[in-house]
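Input: a single structure, listed below in structure tokens.
Heavy-atom basis, side chains included; hydrogens, waters and symmetry copies ignored.
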Number of protein chains: 2
Amino acid sequence: MSLPHAILTALLEKPSSGLELTRRFDRSFGYFWSATHQQIYRELGRLETDGLIRALPAEQPTRGQKKSYEVLPAGRAELARWTAASQDPKPHRDALLLRLRAAAVVGTAGLEADLRRHLELHERQLAEYQEIEKRDFPPGRDGTEDRLRHLVLQAGIDLETFWTQWLRRALADVAELPDGEATRPA
Amino acid sequence: MSLPHAILTALLEKPSSGLELTRRFDRSFGYFWSATHQQIYRELGRLETDGLIRALPAEQPTRGQKKSYEVLPAGRAELARWTAASQDPKPHRDALLLRLRAAAVVGTAGLEADLRRHLELHERQLAEYQEIEKRDFPPGRDGTEDRLRHLVLQAGIDLETFWTQWLRRALADVAELPDGEATRPA
DNA sequence: ACTGTTTATGCAACTAGTTGCACAAGGTGA
DNA sequence: TCACCTTGTGCAACTAGTTGCATAAACAGT
């Protein structure tokens, strides 16, 4: 139940259209919350119906026209309520770790290439976050908002750093394994 | 589409009943895949129907009786197929990071207590994983399966370590903030 | 003008995961 | 022996997220 709150947060930071939100969720927002454009449009509709946001119609709100939204007081109140409430951590699922555990019983075929692919993805992501840090958080500025947002970005950077290191280690380990079809034959 | 494969992996490591699986998914398996007992029973039914696993009926398979399952060759083949295929990383969502970002616009009320609660949870989890490591992976043993499983556990340990560190830093940062109802007044 | 591509919005169907509850068997204490 | 608790299995309804496709306007080339 957090997508609406993610959208409210994004809109409070800057009123946007559906597509702009999609871009932001793909980009910087993505390191803590991701969403497809279909999800976003659907949720924007709900939030508008519920009176938490409203459209800023420039001209006619037909198809093919940009439609920007802003947060209404009720929306801000709802976000504040949600933010103040304590939440239980959601269970995590990691397909890559599961795969490695599965590989321990059915063999490591094909694993190495994919570990390498993941490593590349995480390296690219890390580089991107470091770019953002350099651009958006130069040393010296430390308003409350900046501090908190920097903290969030820092988590993203540290996580990507962790994964690149772990993957390198995993690759090194997998490389010196016998790598049969199955380690414990059927 | 990974729950069936998680169950196949777990059953290959050791044939189990629904409840035993539930316990394992709550415990060590939980650091890379979690599932409720309802999910597990449902999936066991499907896997049996599909001929990937079969029940080992001790007596009568009535209600209130333990019913253990083992993986059939078709199940092992399916798991091997899945493990060898490359998969795209799933998008991640982290409610805590989202909350922090939301707190940057609607205020940090209630945040500190919850960060502290999360810190405790992660510390406890970390301690538990370290226990498991000490018990299940004493230095010296390094068969292929052990190596891979240790690698997975290591990821769990390192992730929990990361979170405890990050949360301590976040707490320190939040502590010296003005902490008004909203940092940027409505 | 016409064809194709990009931008922008959106619906519908499906899959995966969660929540709430039900039911049976076996043990425990009063 | 009856009431209650724990263990073990399971269904049904709901919520969240994914996938596939449709539609329309704007623009670019030919």
Side-chain angles (χ1 to χ4, degrees), chain A residues 1-8 11 15-27 29-30 32-50 53 55-69 82 87-95 98, chain B residues 1-8 11 15-27 29-30 32-50 53 55-69 82 87-95 98:
Chain A
M1 251 290 288
S2 307
L3 174 60
H5 304 103
I7 292 180
L8 288 172
L11 288 180
S16 308
S17 69
L19 190 70
E20 283 161 352
L21 278 177
T22 302
R23 297 257 160 79
R24 294 171 64 194
F25 273 78
D26 277 346
R27 224 176 147 285
F29 240 77
F32 55 92
W33 209 267
S34 69
T36 62
H37 76 272
Q38 291 94 332
Q39 272 182 289
I40 289 166
Y41 284 115
R42 190 187 350 179
E43 201 60 46
L44 283 172
R46 284 180 195 155
L47 288 169
E48 193 178 22
T49 303
D50 295 352
I53 64 174
L56 298 172
E59 268 88 293
Q60 67 283 57
T62 59
R63 270 171 177 262
Q65 285 292 111
K66 267 198 195 178
K67 207 164 53 168
S68 277
Y69 294 90
W82 179 81
Q87 297 158 224
D88 289 327
K90 286 275 161 218
H92 32 99
R93 299 189 172 90
D94 190 307
L98 171 58
Chain B
M1 252 291 286
S2 308
L3 175 60
H5 304 102
I7 291 180
L8 288 172
L11 287 181
S16 308
S17 69
L19 189 70
E20 284 162 353
L21 278 177
T22 303
R23 297 257 160 79
R24 293 171 65 194
F25 273 78
D26 277 347
R27 223 175 149 288
F29 239 77
F32 55 90
W33 209 268
S34 70
T36 62
H37 76 272
Q38 291 94 332
Q39 273 182 287
I40 289 167
Y41 284 115
R42 192 185 353 179
E43 201 60 46
L44 283 172
R46 284 180 196 153
L47 288 169
E48 193 178 21
T49 303
D50 295 351
I53 63 174
L56 299 172
E59 268 87 293
Q60 66 284 57
T62 59
R63 272 173 174 258
Q65 286 291 110
K66 269 198 196 177
K67 206 164 55 169
S68 276
Y69 293 90
W82 179 81
Q87 298 160 223
D88 289 327
K90 285 276 160 219
H92 32 96
R93 298 186 174 92
D94 190 308
L98 171 57

Item to complete: Could you tell me whether the side chain of A/R46 has a donor or acceptor atom within less than 3.5 Å of a complementary atom in the base of D/dT15?
Response: no

Item to complete: Would you give the length of the straight line joining atom CD1 of B/I40 to atom CG of B/L47, rounded to the nearest 0.5 angstrom?
Response: 11.5 Å

Worksheet item: Would you say A/R42 reaches D/dT18's phosphate, i.e. side-chain N/O to OP1/OP2 under 4.0 Å?
Response: no

Discussion item. Which is more 5' along DNA chain D, the nucleotide nearest A/L3 or the one nearest B/Y69? Just name the residue.
Written reply: B/Y69

Worksheet, complete the sentence: B/Q87 atom CD is separated from D/dT18 atom P, nearest whole Å, by 15 Å

Worksheet entry | Phosphate OP1/OP2 of C/dG17 contacted by B/Q39 side-chain N/O (<4.0 Å) | yes

Worksheet item: Is a donor-acceptor pair below 3.5 Å formed from side chain A/Q38 to base D/dG17, judging by atom type as modelled?
Response: no

Practice prompt. Take the protein atom CG of B/L19 and the nucleotide atom P of C/dA24, then report the distance between them rounded to whole Å.
Written response: 19 Å

Fill in: A/K67 side chain near C/dG10 phosphate (N/O to OP1/OP2, under 4.0 Å)
yes

Discussion item. Without decimals, in angstroms, what is the distance between A/L21 CG and C/dT7 C1'?
Written reply: 15 Å

Worksheet item: Measuring from B/L21:CG to B/I7:CD1, what's the distance to the nearest 0.5 Å?
Response: 6.5 Å

Practice prompt. State whether the distance check finds a donor on one side and an acceptor on the other, under 3.5 Å, for side chain B/H37 versus base D/dG10.
Written response: yes

Practice prompt. Could you check how far OH of B/Y41 sits from P of D/dA12, rounded to whole Å?
Written response: 17 Å

Worksheet item: Could you state the CD-C1' distance from B/E20 to D/dT9, rounded to the nearest angstrom?
Response: 13 Å

Response to the item:
Between CZ of B/R93 and P of D/dT15 the distance, given in whole Å, is 18 Å

Worksheet entry | OG-OH distance between B/S16 and B/Y69, expressed to the nearest 0.5 angstrom | 11.5 Å

Discussion item. By nearest atom, which of the nucleotides D/dT18, C/dT9, C/dG17 is closest to the A/T36 side chain?
Written reply: D/dT18

Worksheet item: Distance check: side-chain N/O of B/R23 vs OP1/OP2 of D/dG8, anything under 4.0 Å?
Response: yes

Worksheet item: Within a strict 4.5 Å, meaning less than it, do heavy atoms of the A/H37 and A/F25 side chains meet?
Response: no

Practice prompt. Nearest whole angstrom, please: distance from the P of C/dT9 to the CG of A/L47.
Written response: 15 Å

Fill in: Nucleotide C/dG17, atom C1' - distance to CE of A/M1 in whole Å
16 Å

Worksheet entry | Gap between atom NZ of B/K90 and atom OG of B/S2 - 0.5 Å precision | 7.5 Å

Practice prompt. May I ask you to say what A/S17 touches in the nucleic acid, namely base, sugar-phosphate or nothing, with a heavy-atom cut-off under 4.0 Å?
Written response: sugar-phosphate

Worksheet item: To the side chain of A/K90, which of D/dT9, C/dT19, C/dG17 is closest?
Response: C/dT19

